[in-house]
Amino acid sequence: MGKEPALLFQRESRLCTPSLYRRVFESPSKRFQTRSFRLLCLENELNHPRLGVVVSKKSSPLAVRRNMVKRVVRDSFRRYSLRLGKIDVVVIAKEGSMKFSKPDFTDWKEDIKKQLRQEIETLWQKLMSS
RNA sequence: UUAGCUAGCCAGACAGUCGCUGUGCAACAAUUUGUUUUGUUGCAGGGAGGAAAGUCCGGGCUCCGCAGGGCAAGGUGCCAGGUAACACCUGGGCGGUAUGCCAAUGGCAUAUUGACGGAAAGUGCAACAGAAAGAUACCGCUGUUCUUUGAGCAGUAAGGGUGAAAUGGUGCGGUAAGAGCGCACCGCGCGGCUGGUAACAGACGCGGCAAGGCAAACCCCGCCUGGAGCAAGACCAAAUAGGAACUCAUACUCAGCGCACUAGGCGAAGAGUCUUGGCUGCCCGCCAUUGGAGUUCGGGUAGGUUGCUUGAGGUGAUCGGUGACGAUCAUCCUAGAGGAAUGACUGUCCACGACAGAACCCGGCUUAUCGGCUAGCUUUCUUU
C-alpha cells in the first residue's frame with residue numbers, strides 16, 4: 001500500500017491571487033454541479049492541477065463549518081491531484097450545502113462530511129471522464 | 001453520603017499512516033566578489049479558544065490634524081481606592097427586596113439588588129378607573145338660606161370609593177365639622193457641633209412642613225472626549241501609458257540668397273504643410289513646437305517584503321494591603337496564517353465528546369456551551 005507517490009498539496013497547487021480566480025470565472029471551459037457544489041475549470045500551462053475553493057458566508061454563517069467544507073474539498077483534491085491533469089479548478093459551495101436537517105442520531109456531523117466527500121468525488125470522476 | 005452555591009482548572013484519550021504551516025539543525029543544488037539569499041530533501045520540535053464569538057466599552061500601536069478658548073455633538077454620574085485606562089474590579093455609604101434573630105410601631109445580622117447628581121429653573125407625560133393626576137368636593141361630615149321631602153351657598157381632605165400613585169404617620173388635645181390648628185414621638189428640611197479622607201452617620205437646636213411621581217422624557221449641573229484604523233503605516237517594484245532632465249540625430253514642400261560649379265553639392269535664414277501641446281468639450285482662428293532614438297530620475301499599479309508577535313506576558317516564592325492589586329527576586333518563551341495552516345484515514349478504550357476557528361496586540365463586559373475534576377461553605381442520610 002505504501003508504494004504510492006507522495007500526494008502533496010503545496011503552494012503551487014493553489015490559486016493564490018484574485019487574478020487567477022478571475023481567469024477561471026470569466027471563461028470556464030467546463031462546468032459541473034452537484035447538490036452542494038458548483039465546479040468551474042480551465043486548462044492551464046503548467047504540468048499539474050491547481051485548486052481554488054470558494055465558501056461564502058451565505059453558504060454557512062459559522063466559520064467552523066466553512067473551514068470544514070474547505071478541508072473536505074482540499075483533502076479530496078489532494079488524493080485525486082495526480083489524475084486530474086493540467087487544469088485550474090474552482091469549487092464553489094452552494095448556498096444550501098450546510099443546510100442539512102439536524103438528525104436525531106449523534107454523529108450527524110460525520111454523516112455530513114461523508115456526504116460532501118462523496119459529492120466532491122463524483123465531481124472529480126465527471127471531470128476526468130469528460 | 002445526598003443536594004445546592006461560590007471560586008478555580010480541563011475541553012475525549014492513546015497508537016500508527018498520509019498531508020498542511022512556522023522554527024532549529026544537516027545535506028544537496030542554484031545564486032552572490034563575498035557575508036549571504038533561494039529552493040529541494042531528511043531529522044527534531046511547535047501549531048486555535050474559554051469564550052478565539054458579539055464588536056458593547058477601555059487602552060497600546062500607526063498615520064493625519066492641532067496656538068489658545070468657546071459652542072455644538074457624544075459619553076458619563078453616591079464616595080474612596082486599584083489600574084495604562086474604563087461603563088471594569090475592590091472596599092465603603094445610602095435606598096429597595098428576602099431570610100433569620102432580638103430586649104420588637106423598632107433594631108441588628110446575612111444574602112441580594114440599584115446609571116444612586118438635580119423634580120422650590122422651565123417644558124412635557126400619566127392608559128383604564130376616578131369628582132379630581134395639578135389643581136380638584138362624587139359620596140360623606142358641619143354650618144347657613146329657602147316653603148317640607150329636598151335644593152342652593154359656604155366650610156372641611158378625618159372617613160368611603162377609584163387607582164401603580166390621592167398631598168407626612170400614630171396618639172392626645174382642639175373644633176360647628178375638620179385640618180400641623182396646637183402638643184408628644186417618628187419622618188422631613190435648615191443650622192452649627194462630633195466622628196469619618198469622603199459618601200455619610202450621630203446626638204443637639206430651630207422650623208409646622210414648602211403642595212406628589214417620572215430625568216433609561218426633553219432639560220439643568222458637574223466631569224470626560226481631536227479623527228481614522230493593520231485594508232493603519234513603512235519598504236522593494238515588472239509590464240503598459242504618461243511626466244521631468246540630459247545626450248545623439250534633425251521631417252516634408254516652396255521660391256529666393258551666399259559659397260562652389262560639368263552638378264541633383266554645401267551653408268545660413270524665411271514661409272507653408274503635417275505632428276504634438278495649450279487657449280473652452282467641438283469647429284474656425286491664434287500661440288508654442290526638436291516630431292526620431294537612447295540614458296537617467298521621480299511618482300506609482302499588479303505583485304512582493306514588512307508591520308507580526310517578548311508582552312500593561314506567564315509561573316513560583318517572599319513582603320505590603322481588609323481587598324482589587326502592588327513591590328522584589330528567581331525562572332520560562334508558549335500559533336503567527338494570510339483566497340487564509342492546525343486536517344484526513346485506520347485501530348483500541350470510555351463518561352460517546354457541547355458551544356464553537358486566532359487574523360495587530362492587550363484589559364473588561366455580554367452572549368453560546370455536553371460533560372468532568374479540585375477546593376471552601378450550606379444541607380440530606382448513615383455510622384461512631
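Letters A, B, ... are given to chains in the order of the sequence lines, protein chains preceding strands, and every chain is numbered from 1.
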Checking understanding here: a glycosidic angle within 90° of 0 is syn, the rest anti, so what is B:G22? syn
Taking B:A120 as the reference, what is the distance to B:C188 when you measure between their C1' atoms (whole Å, please)? 15 Å
Only pairs with both distances under 3.5 Å count, Watson-Crick or wobble alike; so what is the partner of B:G65 in this structure? none
On RNA chain B, check which nucleotide each of A:Leu62 and A:Gly52 is closest to and give me the residue with the more 5' one. A:Gly52
Please answer whether the main-chain N or O of A:Ser36 pairs with a side-chain N or O of A:Glu119 as donor and acceptor at a distance below 3.5 Å. yes
Watson-Crick/G-U partner (both atom distances under 3.5 Å) of B:A327: B:U318
Watson-Crick/G-U partner (both atom distances under 3.5 Å) of B:G130: none
Measuring only the C1' atom in each nucleotide, how far is B:C190 from B:U197? A whole number of Å is fine. 26 Å
Does any non-hydrogen side-chain atom of A:Met68 lie less than 4.5 Å from one of A:Leu116? yes
Rounded off to whole Å, could you give me the CD-to-C1' distance for the A:Gln118 and B:C345 pair? 15 Å
Do A:Leu40 and A:Ile92 have side-chain heavy atoms sitting under 4.5 Å apart? yes
Chi class for B:U36: syn within 90° of 0, otherwise anti: anti
Could you tell me the Watson-Crick or G-U partner of B:U55, where both distances fall under 3.5 Å? Say none if there is no partner. none
Hey, does A:Arg65 have a side-chain heavy atom less than 4.5 Å from the side chain of A:Lys70? no
Could you pull out the protein-nucleic contacts involving nucleotides 341-343 of chain B (nitrogen or oxygen on both sides, under 3.5 Å)?
unit_1	atom_1	unit_2	atom_2	d
B:A341	OP1	A:Arg74	NH2	3.3
B:U342	OP2	A:Arg71	NE	2.9
B:U342	OP2	A:Arg71	NH2	3.0

Below the 4.0 Å mark, does B:C345 have OP1 or OP2 next to a side-chain nitrogen or oxygen of A:Arg117? yes
Is B:U305 in the syn range, within 90° of 0, or in the anti range? anti
Does B:G100 have a Watson-Crick or wobble partner in any strand here, with both distances under 3.5 angstrom, and which is it? B:C108
Calculate the interatomic distance between A:Arg66 atom CZ and B:A53 atom C1'; express it in whole Å. 12 Å
Starting from C1' on B:A344, measure out to CG on A:Leu116 and report it in whole angstrom. 14 Å
Under 3.5 Å for both donor-acceptor distances, Watson-Crick or wobble: does B:A177 have a partner, and if so which one? none
Check side chain to side chain donor-acceptor pair (under 3.5 Å) between A:Gln118 and all other residues, then give those that pass, not counting sequence neighbours. none
Under the side chain to side chain donor-acceptor pair (under 3.5 Å) test, residues paired with A:Glu121 that sit two or more places apart: none
A:Glu121 CD to B:C345 P: how many Å, rounded? 11 Å
Contacts of type side chain to side chain donor-acceptor pair (under 3.5 Å), residue A:Ser56, not counting sequence neighbours: none
Specify the glycosidic conformation (syn or anti) of B:A293, with syn defined as within 90° of 0. anti
Who does B:C5 pair with, Watson-Crick or G-U, both distances under 3.5 Å? B:G376
Holding to side-chain contact (heavy atoms from CB on, under 4.5 Å), I want the full list of residues that pass it with A:Asp88, two or more places apart in sequence or in another chain. A:Leu15, A:Arg23, A:Val24, A:Asn44, A:Arg50
For B:A154, give the paired nucleotide (Watson-Crick: N1-N3 plus N6-O4 or O6-N4; G-U: N1-O2 and O6-N3; both under 3.5 Å), or none. B:U142
